[in-house]
There are 2 protein chains.
Amino acid sequence: MPQDFADLHVERWRDHWIEVDFDDDVEAMTVRIGALHRYFKASTQRALAEVGLLESEYETLHHLMIRDTPGKASPGDLASDLGVSGAGMTGRLDVLEKRGLVKRTPGTDDRRRVDIEATRAGVAIWRKAMALRGDAEDDLATALSSAELKTLNKLLKKLTLHAESRLDG
Amino acid sequence: MPQDFADLHVERWRDHWIEVDFDDDVEAMTVRIGALHRYFKASTQRALAEVGLLESEYETLHHLMIRDTPGKASPGDLASDLGVSGAGMTGRLDVLEKRGLVKRTPGTDDRRRVDIEATRAGVAIWRKAMALRGDAEDDLATALSSAELKTLNKLLKKLTLHAESRLDG
DNA sequence: ACAAACTACTTCGCATACGAATTATTCACA
DNA sequence: TGTGAATAATTCGTATGCGAAGTAGTTTGT
């Protein structure tokens, strides 16, 4: 099997920086996960360019759609889901509302709140982006057999469970 | 084995959005890779807070150190490595230079160029951050046996090679 | 040898996002 | 029931980064 970027990285690393000692396999894994993440990000961005969305717009719309209550949320919930500040979310929603992709409605029972809802146009453009994104991911996954993909998920899950326990506990 | 975040995501996804059909395993893999990336990013940020570096400062310093010519580069090379604009790199280098972590030297043979070099202090702080970052990665990797880690790398590599071929060719 | 094209970096103007302060509203409880 | 604490969203001031324009220097072609 030919070398990938991670192999080259580890090799170069070992040549130049022996005194900073890392486990080669751990380092390679980290680099590969980073590389795959960047690849997904890049294909998402191509999809977004095609449908005419900025990454910040898509991200907001996306989190709005994948909630327990799809298409509906409060600015604060979205902000914490996305890891942006409340101020940032106000700005993002201003843009999305101006483009007609979401609608703000003042809350009725609690008038401090604002309800955000994706409009028909917002849902449509999000779906188009999702379909394109999915195509790219499926394409990448063809590199693995179905059994390999299951094995990979099993191993990744061991890591994510470990990570989650570190974050919670 | 208990459920992780990706399992929950896929389950919720299937409940609410059957009409947008994704392969469950591919979707779970994508989500897990994203989650691990965020975990690494978070532990890096903890490490950076401890040594007193901003993420942008660390990132710049890091790419300066892991080049073929460690600790030395031109602003333009760094900018394209990091995927930031030339203007952004000028700003980052201004900050790093002011903190005494890198040094700018006007080029001698080609006077358009500027040589960036990490100072002794810059290398030291980068190493401290690297050591902490490495600890967190090693900790995560304890979730896998050495054999599992090798299997994981083999499968990840199949994906990265596929991704690289898509990007180049 | 000299103008045109190119390259490397920096400055400028604008957009986005952050944290802090602000406004408006609701909740807790004495 | 009224007052202080808490909560939700927005506005404000600042920082970081982008793209475009600017500046300085080098290469190319005739």
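Proteins get letters first, then strands, A, B, ... in listed order; numbering begins at 1 in each.
- Atom-to-atom distance recorded for B/R112:CZ and B/S74:OG is 11.0 Å, nearest 0.5 angstrom.
- The other members of the hydrophobic cluster of B/F5, by chain and number, are B/V31 (side-chain heavy atoms under 4.5 Å, ILVMFWY only).
- Near DNA chain D, meaning a heavy atom under 4.0 Å away, the residues from residues 83-103 of chain B are B/G83, B/V84, B/S85, B/A87, B/G88, B/R92.
- We find the CG-CD distance between B/D139 and B/E137 to be 10.5 Å, quoted to the nearest 0.5 Å.
- In this structure, A/M29 CE and A/L155 CG are separated by 11.0 Å, a value rounded to the nearest 0.5 Å.
- Within the structure, salt bridge (Lys or Arg N to Asp or Glu O under 4.0 Å) contacts touching residues 87-108 of chain B (residues at least two apart or in different chains) are B/E57-B/R99, B/E59-B/R92, B/D94-B/R104, B/E97-B/R104.
- Boundaries of the chain A contact region on DNA chain C are C/dA17 to C/dT26, first to last in 5' to 3' order (nucleotide atom under 4.0 Å from a heavy atom).
- Applying the side-chain contact (heavy atoms from CB on, under 4.5 Å) rule to B/A118 yields the partners B/L64, B/M65, B/V123; only residues at least two apart in sequence or on another chain are considered.
- With sequence neighbours excluded, the residues that form a side-chain contact (heavy atoms from CB on, under 4.5 Å) with B/D25 are A/L149, A/K150, A/N153, B/D23.
- Of the residues in residues 64-82 of chain B, those lying under 4.0 Å from DNA chain C by heavy-atom distance are B/S74, B/P75, B/G76.
- A salt bridge between B/D115 and B/K72 is absent, with no side-chain N of the basic residue lying under 4.0 Å from a carboxylate O of the acidic one.
- The side-chain contact (heavy atoms from CB on, under 4.5 Å) test applied to B/A141 returns A/V26, not counting sequence neighbours.
- The ring pair (Phe, Tyr, Trp, His ring centres under 6.0 Å) pairs that include a residue from residues 22-48 of chain A are A/W13-A/F22, A/H37-B/H37, where partners are two or more places apart or lie in different chains.
- Within residues 49-62 of chain B, no residue is approached by DNA chain C to less than 4.0 Å at the level of any non-hydrogen atom.
- Counting heavy atoms from C-beta on, the side chains of A/K154 and B/M1 come closer than 4.5 Å.
- There is a side-chain donor-acceptor pair under 3.5 Å between B/D4 and A/T160.
- Between B/R111 and D/dT23 there is no side-chain N or O to OP1 or OP2 distance below 4.0 Å.
- Side-chain N/O atoms of B/R112 and base N/O atoms of D/dT26 include no donor-acceptor pair closer than 3.5 Å.
- When hydrophobic clusters are built by joining Ile, Leu, Val, Met, Phe, Trp and Tyr residues whose side-chain heavy atoms come closer than 4.5 Å, directly or via intermediates, A/M89 is grouped together with A/V114.
- Taking atom CZ of residue A/R113 and atom P of nucleotide D/dA8, one finds them 5 Å apart after rounding to whole Å.
- DNA chain D forms stems at C:1-30 with D:1-30, each a run of 3 or more consecutive Watson-Crick or G-U wobble pairs whose two key distances fall under 3.5 Å.
- Between the NE2 atom of A/H9 and the CG atom of A/D7 there is a distance of 11.0 Å, given to the nearest 0.5 Å.
- Sorted by first and then second residue, the side chain to side chain donor-acceptor pair (under 3.5 Å) pairs with a member in residues 46-55 of chain A read A/Q45-A/E55; sequence neighbours excluded.
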